[in-house]
Protein chains: 2
Amino acid sequence: MIAPARNGWESVRAELLGRIARRIWKPGDSIPNEEDLAYEFGCARATVNRALRDLAAGGYVERRRKAGTRVALTPVRRATLSIPVLRVEVEAGGRSYRFAELSRAIEPAADLAAARLGVAAGAALLRLRTLHFADGAPFAFEDRWLNPAVLPDGAATEFGDLSANEWLVRNMAFSQGDIAFTAANAGAEEAGLLGVAPGAALFVTERTTWRQDQAITAVRLAFAPGYRIHTNL
Amino acid sequence: MIAPARNGWESVRAELLGRIARRIWKPGDSIPNEEDLAYEFGCARATVNRALRDLAAGGYVERRRKAGTRVALTPVRRATLSIPVLRVEVEAGGRSYRFAELSRAIEPAADLAAARLGVAAGAALLRLRTLHFADGAPFAFEDRWLNPAVLPDGAATEFGDLSANEWLVRNMAFSQGDIAFTAANAGAEEAGLLGVAPGAALFVTERTTWRQDQAITAVRLAFAPGYRIHTNL
DNA sequence: TAGTGGTCTAGACCACTAT
DNA sequence: TAGTGGTCTAGACCACTAA
């Protein structure tokens with residue numbers, strides 16, 4: 001019982017991580033099993049388990065039943081990004097938010113949108129194009145396809161004062177989704193909307209959300225230059 | 001005791017999330033406390049606690065002692081990104097990996113690098129510029145500043161067969177770090193190195209890592225066009 | 001088949017905070 | 001001050017998997 005560690009699972013985690021950082025346990029090494037560690041730390045196995053699960057979630061160790069726990073050979077860093085609604089993101093920076101809906105129409109699905117939503121090409125989808133502003137300056141251009149089949153009746157015409165973005169987040173809790181980040185040169189139209197030179201490098205996110213097996217929406221957001229996502233590791 | 005839910009905390013989580021999705025509990029609503037839910041589900045409070053902690057981590061609910069648990073008003077989606085070593089990322093796509101070190105020299109820290117690493121401007125830092133290839137094509141250009149003060153003696157000249165990227169991940173476990181994602185137009189030099197037109201939109205990551213209070217390295221990676229990060233929500 | 005992690009339980013005490 | 005979440009415990013059984 002070397003380390004009293006009377007601060008609970010977080011101090012157990014800290015001690016274990018410290019041993020990895022100090023290379024007492026090197027990448028690839030097995031570390032003692034939960035029961036032995038619990039004895040060493042003078043705590044219950046569940047406490048060690050919690051610490052080790054957290055380290056595994058962070059990519060520091062790999063765990064397999066019967067094989068035990070090993071220090072990750074080539075640690076995969078995991079970063080958690082918070083993706084707030086645009087309004088919240090803008091206002092969190094102390095700037096004022098507003099948005100302008102550029103267009104709203106039922107259109108036959110473009111091939112790309114159809115593929116992302118898993119509907120037949122040409123299926124009738126609601127398309128919304130919206131410009132978001134921070135302190136009056138263009139912040140992001142949103143091009144969204146919505147599947148009317150999964151929206152409550154009337155929703156397509158009534159988001160109230162909310163952007164489609166925020167309305168969906170509040171009203172269509174979803175069970176699945178994916179998101180991608182990439183960079184793209186501004187096309188002529190995007191450049192004009194965002195007030196930048198054609199060809200400017202834009203940060204782009206593409207998101208698709210589903211509920212059960214039904215696609216709800218696919219959206220592409222192009223952010224004005226200078227936008228960055230930041231997080232801790 | 002409505003729901004037997006004999007599959008453990010994950011089924012409790014699923015049922016709770018289902019009630020949120022079906023708007024039985026609406027955004028802003030309080031939900032029953034852990035003890036009541038445990039009674040309803042016929043399980044221990046710890047099991048409900050685990051499910052609710054997971055939902056809180058996912059941004060679905062907000063919890064405060066005494067105030068209880070509420071459905072998040074404007075859910076903040078959280079996405080977890082895996083950030084592997086470049087070699088692993090390339091090879092995971094079935095492509096061959098190699099890298100070429102373009103330069104390695106002690107240089108006075110540029111203002112930007114000095115600020116990111118928290119050292120005096122002009123301090124002597126090791127600068128490494130590396131080009132990474134996937135299937136022989138340029139994949140990413142790396143511009144890295146290293147703090148020699150925190151490297152083991154000789155490390156600056158001996159990474160073996162590993163890229164600095166991978167050597168650091170394996171040998172310098174760090175306690176803190178941050179990462180940012182943005183987009184930038186390729187400058188003349190970058191364009192030449194990556195084999196793209198000047199001005200092409202590049203996906204850029206900037207990472208700084210620390211051990212205790214000492215900065216280890218600051219690195220900027222510019223990825224060839226077409227690169228994207230993808231994850232589930 | 002045996003060792004290890006994954007999880008559950010019933011109870012307990014503590015920490016925070018709304019009232 | 002009292003209600004709620006946060007965590008710990010000691011023990012138990014289960015699930016997976018390496019040998």
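Here is the naming used below: chain letters follow the sequence lines, and residue numbers restart at 1 for every chain. Quantities reported herein were computed from a predicted structural model and do not represent experimental measurements.
Separating the CZ atom of Arg64(B) from the C1' atom of dA15(C) is a distance of 15 Å, rounded to the nearest angstrom. Taking atom CG of residue Leu55(A) and atom P of nucleotide dG6(C), one finds them 12 Å apart after rounding to whole Å. Between the CZ atom of Arg50(B) and the P atom of dT7(C) there is a distance of 5 Å, given to the nearest Å. We find that CZ of Arg13(A) is positioned 19 Å from C1' of dC8(D), with the value rounded to whole Å.
Between His132(A) and Phe99(A), the ring planes lie tilted relative to each other; the angle falls in the 30° to 60° range.
The shortest distance between the side-chain N/O atoms of Thr69(B) and the OP1/OP2 oxygens of dT4(D) is not below 4.0 Å. Residue Arg65(A) has no polar side-chain atom (N or O) positioned under 4.0 Å from OP1 or OP2 of dA18(D). Between Thr47(A) and dT7(D), a side-chain N or O to OP1/OP2 separation shorter than 4.0 Å is absent.
Within the 4.5 Å cutoff, the side chain of Pro32(A) has no heavy atoms near those of the Tyr39(A) side chain.
Side chain of Arg45(A), nearest nucleotide from dG6(C), dT9(C), dT7(D): dG6(C). Distance from the side chain of Asn33(B) is smallest to dT4(D) among dG6(D), dG5(C), dT4(D). Candidate nucleotides dT9(C), dT9(D), dG5(D) were compared by shortest atom distance to the side chain of Ala44(A), and dT9(D) ranks first.
For dT17(D), the paired base is dA2(C) (Watson-Crick or G-U wobble, both distances below 3.5 Å).
Proximity of the aromatic rings of Phe133(B) and Tyr97(B) is defined here by a centroid distance below 6.0 angstrom, and this criterion is not met.
Under the 3.5 Å distance criterion, with hydrogens and angles disregarded, a donor-acceptor pair is assigned to the side chains of Thr217(B) and Arg144(B).
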